[in-house]
Every structure is written in structure tokens, then in C-alpha cells.
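What follows is a single structure, written as C-alpha cells, with notes after it.
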Amino acid sequence: MQRLSNLAQLAHWQAQVAHGAQPIAFVPTMGNLHAGHLHLVAQAQAISPAPLILVSIFVNPLQFNDAADLARYPRTLDDDLARLREAGIDAVFMPPVDVLLPDGEHGVRIDPGPLAQDWEGAARPGHFAGMATIVAKLFHLIRPQFALFGEKDFQQLAIVQAMVHDLNFPVDILAVPTQRAPDGLALSSRNRFLSDAERATAPHLYAQLRQAAGALIAQQSVEAVLHKARAELAAAGFVVDYFALCDAKSLQPITRLSPNSVLLAAAQLGAVRLIDNLRIRS
Ligand code: PAF
């Protein structure tokens, strides 16, 4: 596994591998790798014919609107590198902040457009502009044929897909289903901040998504279903930010189930903000 820490090393690796003309499959991460990330790697390794696999580790300051959140983001580089080596990837790109952001945080940003206005975009102003900016930059530098993103961050995935479409990036975005603990909790780097009691409560979020999806498919009123889910989450100890039924493409709220719907949810449990979603294809 090649460890690439600056642009010259990345360019050198690209020049070396260009001889084989193998495509690159790219898995962007912010490190603190868990089974969800390794599943993205495994999905990249399942592409045929086999591409080279490059994983990036970069805790992107542009996408944190809260300095405390950035400071406490878990950094576990040694463990991450051991896991990636074991997974058998070809290269890891792990630039320090000043390599990707030599002018600090004051440079050009990608405007992620209307998909970024609501939900996580409303809760975390500037988050998606920062995310899209760094993802665009990584796409330019790495020039992958494929890039893999988890469906857990549904709005992020929608924005990356729209950016690639609207700005004609020559990369195929592969959406990978959310990986879950056996009790249903979506895997996330933030789960480690849950206390034991909160960890026991956390699976209620996905349970409510499933229950709501079942009720909607059974044609219960959208308003009543969403209201009940929010109330049951609040009773379990969550502070619900949103629990909404949306069109899966526009991410706009809908009042009737459509053939391409998604339930989007975010709720605070103690100090941890949990997000999850469930597609409903009827
Ligand atoms: O999902 C993440 O970990 C980040 O938003 C990403 C895609 C690596 C961009 O910094």
C-alpha cells in the first residue's frame, strides 16, 4: 500500500500506475474507519475489471461549521492505515490540511445549489459547500473512474451526484447501501460518542424509519405517520430535528408516497447528532 502525503507523491504514483492503464476506484473518507468504510472498499474491490483502489483520509475543516466539532473529530490514523493495509488497497492519500488548503479556508467554494438548502444543510450552514469543494478537488487530483459513497449520508450523496452531473465530472458515482449494526443502528464515526444508555436507545431511530415506511406503504396519512414517529422518538429521549418524507431526487417534502420516496431523519441523542434514512420504492 503506497502512502501518499503530498501532491508530488500522488502524481508520481499516478504516473507509475498509468503504465497498467488500470482505472482508479476512489473511496473518500475522513478517517476513523469502521466496517462501513471497509464495506465501501470491498464494493470497490468487487468492480470488474479490477480497478486500483485509492482511499483518502482527510478531516476536511471546510465542512465543519463548529470548531469544537472539528477538534473532537476522532483521528485514528495508525488504526486506519492498519485496516487499509489489511484490506489490500493500493494507495492511501492522506494530505495534511495545508496541502489541500494552502490558502487556508478563504478560497473558492463550490455552491452545492438547492439540494443543500434543507435538512443537514439547514442544520449545518456551509457544510455542503465545504464538502463539495473538497470532493471536487479530490476528483480533480485523483481523476478516478469510480467514486464510492455511502447512502447513510443521503443528502451528501445526492449533492455529489448532482455536482458530477451538472459540472460534467468524468467519474461514475457508486451509491453503497448503509451498513448497520445487528440492532439496526447505522454505522458512523460519531457512534463512539454515545454513552452505553444512549447506544441502547439509538437503534430506535432506524426502527421508527421502518415503522413509518410500513405505515406509509399501508397508506396511512403522511402527516399522522410523521407526527407519530417524531413523538415516539421524543418519548425515547431524542431531540428530533427532522423526520420527513421527501422525493428522493429533489429532497423536497412530499405529502403522498411517490414511486421514489425517501424518509430522512436527524435527531440529537445527548451530545450526538444521528442521521439516517430509508428509501421507499412503491
Ligand atoms: O462522508 C465523508 O466522510 C466526507 O463528507 C467526505 C465525503 C470524505 C468529504 O470530506
Side-chain angles (χ1 to χ4, degrees), residues 4 10 24-41 43-44 53-66 69-77 79-80 83-84 89 91-101 105 107-112 115-116 119-121 123-142 144 146-164 167 169 171-179 186-193 264 266 272-277:
L4 315 170
L10 176 64
I24 295 173
F26 171 44
V27 179
T29 82
M30 298 207 298
N32 193 231
L33 304 182
H34 51 64
H37 296 110
L38 297 177
H39 184 67
L40 294 177
V41 169
Q43 293 300 109
I53 314 290
L54 183 146
V55 174
S56 66
I57 298 178
F58 182 68
V59 182
N60 171 21
L62 300 186
Q63 68 189 76
F64 287 81
N65 55 322
D66 175 356
D69 203 21
L70 172 61
R72 75 170 187 159
Y73 194 84
R75 289 156 171 92
T76 51
L77 189 60
D79 279 3
D80 294 346
R83 283 168 178 241
L84 292 174
I89 70 159
V92 57
F93 181 48
M94 40 182 211
V97 172
D98 63 344
V99 165
L100 278 199
L101 299 171
E105 299 183 21
V108 169
R109 303 277 170 118
I110 297 267
D111 177 349
L115 284 174
W119 321 122
E120 289 311 290
R124 304 171 67 190
H127 167 70
F128 285 124
M131 179 281 296
T133 302
I134 226 67
V135 169
K137 187 153 182 157
L138 290 167
F139 284 173
H140 282 308
L141 291 168
I142 293 163
F146 306 99
L148 292 91
F149 287 80
E151 287 179 349
K152 154 118 185 350
D153 294 308
F154 196 84
Q155 193 173 8
Q156 167 172 282
L157 171 63
I159 290 167
V160 171
Q161 283 169 328
M163 177 178 81
V164 161
L167 303 184
F169 280 83
V171 54
D172 281 343
I173 302 299
L174 305 183
V176 178
T178 303
Q179 293 301 291
L187 299 187
S188 162
S189 301
R190 291 171 194 270
N191 294 350
R192 62 157 54 192
F193 297 122
L264 298 177
V272 183
R273 182 181 172 81
L274 296 174
I275 65 170
D276 205 346
N277 65 80

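Owing to the predicted nature of the structure, the values given are computational and were not obtained by experimental measurement. Atoms considered below: every heavy atom in the structure, side chains included; atoms not considered: hydrogens, waters and symmetry mates. Atoms within a ligand are numbered from 1 in the order they appear, just like the ligands themselves.
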Self-check item: Heavy-atom pair of closest approach, residues Met131 and Val160
Solution: SD-CG2, 3.9 Å
Self-check item: Given Ile142, Leu141, Val135, the one that forms side-chain contact (heavy atoms from CB on, under 4.5 Å) with Phe139
Solution: Val135
Practice problem: Write out the protein residues near ligand 1, meaning a non-hydrogen atom under 4.0 Å from one of its atoms, in order of chain and number. | Solution: Pro28, Thr29, Met30, Asn60, Gln63, Met131, Ile134, Val135, Phe149, Gln156
Exercise. Using modelled atom types only, decide if a donor and an acceptor are shared between the side chain of Lys137 and the backbone of Leu100 within a distance under 3.5 Å.
Key: yes
Self-check item: His39: ring pair (Phe, Tyr, Trp, His ring centres under 6.0 Å) partners, not counting sequence neighbours
Solution: none
Quiz item: Mind checking what makes salt bridge (Lys or Arg N to Asp or Glu O under 4.0 Å) contact with Glu120, not counting sequence neighbours?
Solution: Arg273
Quiz prompt | salt bridge (Lys or Arg N to Asp or Glu O under 4.0 Å) against Arg190, all qualifying residues, sequence neighbours excluded | solution = Asp69
